[in-house]
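Data first, discussion second: the structure below is written as structure tokens.
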Amino acid sequence: MSAAIEARGLSKRYAKGREAALSEVSLSIPPGAVYGLIGRNGAGKTTFIRICATQLLPSAGDLRVLGFDVRGEERKIRERIACVPQESRPLYFLNVWELVYLYLKMRGLDAVESRRRTTNVLDELGLSEVKGTLVNRLSGGMRRRAMVAMVLASDAEILFLDEPTTGLDPIARREVWGAIRRASREKRTVLLTTHYLDEAEALSARLALLEKGRLLLEGPPSELRGRVRLPYRVTVQGSFLPSELERFGQVSDVEGGHLVFAQEGAARELAMLALSRGAKVSMGPVSLEDIFMEVVGRSIEDDAPAAEAT
Amino acid sequence: MSDSRHRLRSLLAITYLNGVVPIRTQPLYLVNILASPLSFLFFIVIASHGVFLPEAVGGGMILMMLSMGTSVQTDMTHYRQDLKFQDVMVASPIEAPIYVAGLALSELVYALPGLFVFLLIWIAEGWANPQSALVLTGVLLLSWAFASALGFTLATYFEDVRETFVFSPLISLALSVLPPVYYPITALPAMWRPLAYLSPTTYAADLIHGAMGLGAPPLLAAGIDWLVLIAFTVALVVLAAYKARWREP
Ligand SMILES: Nc1ncnc2c1ncn2[C@@H]1O[C@H](COP(=O)(O)OP(=O)(O)OP(=O)(O)O)[C@@H](O)[C@H]1O
Ligand SMILES: [Mg+2]
């Protein structure tokens with residue numbers, strides 16, 4: 001089987017007359033890797049995940065998960081997936097151990113296997129010390145981690161994680177990254193959303209950028225740079241007039257200097273010029289955040305006249 | 001074979017999770033379901049100077065089954081809306097009927113103390129015999145099933161737990177106060193009686209009252225009562241199967 005998830009013209013409208021939460025999204029998620037969904041608030045990330053996880057019906061288009069149709073073959077899909085929904089919270093009367101263990105039992109695993117998996121995942125995510133603590137007494141980040149532990153411990157082939165690391169401290173985040181990477185080493189597919197672009201870049205084999213329900217950009221993080229107009233960023237400090245810089249690319253002011261997005265040749269030229277004047281300069285490929293700002297920014301500009309006309 | 005073993009495991013895990021674990025943090029759950037049938041019992045028995053005791057005991061047990069359905073409804077709405085727990089369940093091998101059955105069974109745990117009290121009265125009053133025990137068991141099981149199915153269906157529509165606080169009293173009015181559950185139907189003004197036949201609990205109560213051989217003579221032949229009660233249960237289960245929003249549209 002080729003793709004873990006295959007979307008063709010997938011659309012969702014929550015109610016008649018409302019704007020589409022997803023429109024005509026087509027993408028293919030390869031198996032055994034981490035796939036990142038990014039985009040602004042309301043872009044449609046959760047909607048996409050919920051349709052894939054068979055929690056929400058699509059309005060139009062096709063969606064196959066592990067080769068099965070979400071309309072009609074959802075039982076076959078459900079046997080093979082697990083999900084941490086955005087803003088989900090554990091049942092408050094359980095302790096951390098029970099949360100994971102009972103989830104595995106509910107999924108049909110036997111007691112020995114459930115116990116083994118629970119112990120392992122709690123160790124891996126640094127939750128062993130609080131395993132007897134009621135989830136209600138945990139901090140918000142710990143609670144989130146417990147939810148992630150629950151699905152990581154499962155035998156699911158695809159894990160849907162909607163903002164798994166929101167509210168986690170930097171160390172806890174990296175523990176969760178480690179667990180997600182292990183899942184993908186085990187040839188499981190992970191579809192995750194995040195607002196931390198460093199995280200999206202560090203974890204994902206491929207990324208999709210959604211904006212207003214449309215797919216703006218898709219591909220491996222390293223290739224996304226090739227899709228933007230100005231793939232280099234140059235920061236110069238010192239005596240430059242903005243007007244002087246504008247011929248190189250797109251200029252913005254930053255703390256103590258200017259940031260210029262430019263094409264490769266122009267970026268080099270600017271760097272040489274700055275060096276010849278003895279100014280401080282740094283140059284490099286754009287970050288994922290730069291790409292995000294550019295692509296989403298452009299999309300907002302494109303929409304603006306249309307929005308005014310209506 | 002192994003499929004049914006998985007389902008059983010799943011069912012028991014849900015029952016344990018929702019029916020046993022919460023008692024640790026709040027032991028009063030155990031008397032919650034008992035509270036309203038018992039207050040009804042007091043009220044009816046005192047108001048009727050003891051004449052309606054048999055009806056009130058039979059009715060009390062039916063009401064407990066209805067309360068279990070209400071609890072399924074409240075728990076599920078809360079889990080779905082506030083905790084997104086239904087989404088966790090949907091995206092897993094756990095099937096909707098197992099989830100509901102597990103929750104419904106867990107409510108039985110809370111109902112046990114109440115059932116025990118009613119059964120004690122039942123036995124002490126000398127109404128217990130093999131035939132009445134059989135009727136009682138059957139009627140209570142059916143009531144439990146239709147109440148849970150109804151609770152489940154409604155819970156998948158509510159936007160907020162507060163909505164359940166609005167609907168639950170209305171449902172209990174329609175199913176346990178207006179229909180002659182606590183009193184013989186003859187105590188109902190004649191113009192109200194046709195309405196009573198719209199509620200499945202009328203037939204459930206008729207069967208139980210009949211089996212006790214006390215109170216007013218049963219209105220309908222037991223066969224008809226059974227037929228209607230089973231039809232209601234099947235209808236509500238089918239409604240749950242087709243209309244409950246396990247997956248959001
Ligand atoms: N249950 C719902 N009913 C109606 N509209 C909804 C519903 N859920 C989401 N929407 C709308 O669909 C659009 C996409 O929402 P979605 O939750 O998918 O965004 P998101 O990318 O996950 O955003 P965030 O980063 O804030 O989580 C939004 O305009 C939102 O208002
Ligand atoms: Mg979201």
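In what follows, every chain begins at residue 1, and chains take the letters A, B, ... in the order their sequences are listed.
Residue B:Phe85 holds its CZ atom at 4.5 Å from CG of A:Leu91, rounded to the nearest 0.5 Å. Rounded to the nearest 0.5 angstrom, A:Met147 CE and B:Leu83 CG are separated by 8.5 Å. Atom-to-atom distance recorded for B:Ser92:OG and A:Met150:CE is 9.0 Å, nearest 0.5 angstrom. The CZ atom of A:Arg78 sits 8.0 Å away from the CH2 atom of B:Trp246 when rounded to the nearest 0.5 Å. Expressed to the nearest 0.5 Å, how far CG of A:Leu104 lies from OG of B:Ser10 amounts to 11.5 Å.
Heavy-atom distances place the backbone of A:Pro90, and not its side chain, under 4.5 Å from chain B. Residue contact with chain A, scored on non-hydrogen atoms closer than 4.5 Å, is absent for B:Tyr99. In this structure, the portion of A:Arg75 lying under 4.5 Å from any heavy atom of chain B is its side chain and not its backbone. Only the backbone of A:Gln86 comes within contact range of chain B, with at least one heavy atom under 4.5 Å from a heavy atom of that chain. Contact of A:Tyr14 with chain B is made through the side chain alone, with heavy-atom distances under 4.5 Å. At a 4.5 Å heavy-atom cutoff, the contact between A:Ala53 and chain B is made by backbone and side-chain atoms alike. For B:Thr25, the part lying under 4.5 angstrom from a heavy atom of chain A is the side chain only. Proximity to chain B (any heavy atom under 4.5 Å) is shown, for A:Asn95, by both the backbone and the side chain. In this structure, the portion of A:Leu134 lying under 4.5 Å from any heavy atom of chain B is its side chain and not its backbone.
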Before you tell me yes or no, could you show the steps for B:Val88 and A:Val84 under side-chain contact (heavy atoms from CB on, under 4.5 Å), namely the whole-Å CA-CA distance, both residues' side-chain angles and the distance that decides it to 0.1 Å? CA-CA 6 Å; B:Val88 172; A:Val84 179; over 6 Å; no
Step by step, work out the side-chain contact (heavy atoms from CB on, under 4.5 Å) result for A:Tyr101 and B:Leu17. CA-CA 10 Å; A:Tyr101 177 78; B:Leu17 177 144; over 6 Å; no
Derivation of the side-chain contact (heavy atoms from CB on, under 4.5 Å) call for B:Arg247 and A:Val70: CA-CA 11 Å; B:Arg247 167 158 54 174; A:Val70 291; 4.0 Å; yes
Please step through side-chain contact (heavy atoms from CB on, under 4.5 Å) for the pair A:Met106 and B:Ile98, ending with a clear verdict. CA-CA 10 Å; A:Met106 285 192 278; B:Ile98 300 288; over 6 Å; no
Check the pair A:Glu98 / B:Arg24 against salt bridge (Lys or Arg N to Asp or Glu O under 4.0 Å), numbers first and verdict last. CA-CA 13 Å; A:Glu98 287 162 340; B:Arg24 187 179 54 198; 3.0 Å; yes
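Other residues, nucleotides and ligands place more than 12 heavy atoms under 6.0 Å from the CD atom of A:Glu113. More than 12 heavy atoms of other residues, nucleotides or ligands shown are found within 6.0 angstrom of CZ on A:Phe93. Within a 6.0 Å radius of CD in B:Glu159, no more than 12 heavy atoms belonging to other residues, nucleotides or ligands are found. More than 12 heavy-atom neighbours from other residues, nucleotides or ligands sit within 6.0 angstrom of CD on B:Gln26. Atom CZ of B:Phe43 sits in a sparse spot, with 12 or fewer heavy atoms from other residues, nucleotides or ligands closer than 6.0 Å. When the shell of 6.0 Å around CZ of A:Arg181 is examined, it contains more than 12 heavy atoms from other residues, nucleotides or ligands.
Note on A:Arg89 versus B:Asp82: no salt bridge recorded, every NZ/NE/NH1/NH2 to OD/OE distance being 4.0 Å or above. Residues B:Glu248 and A:Arg50 are paired through a salt bridge, judged by an N-O separation under 4.0 Å between the basic side chain and the carboxylate.
Distance alone, capped at 3.5 Å, is enough to place a donor-acceptor pair between the B:Arg9 side chain and the A:Gly108 backbone.
Chosen from B:Glu95, B:Gln86, B:Arg245, the residue pairing most often with chain A at heavy-atom distances under 4.5 Å is B:Glu95. Between chain B and the residues A:Lys105, A:Lys12, A:Arg107, the largest count of heavy-atom pairs under 4.5 Å involves A:Arg107. The most heavy-atom pairs under 4.5 Å with chain B, out of A:Ile51, A:Ile77, A:Leu109, come from A:Leu109.
The nearest pair of heavy atoms linking A:Pro85 to B:Asp87 is CG-CB, 3.7 Å.
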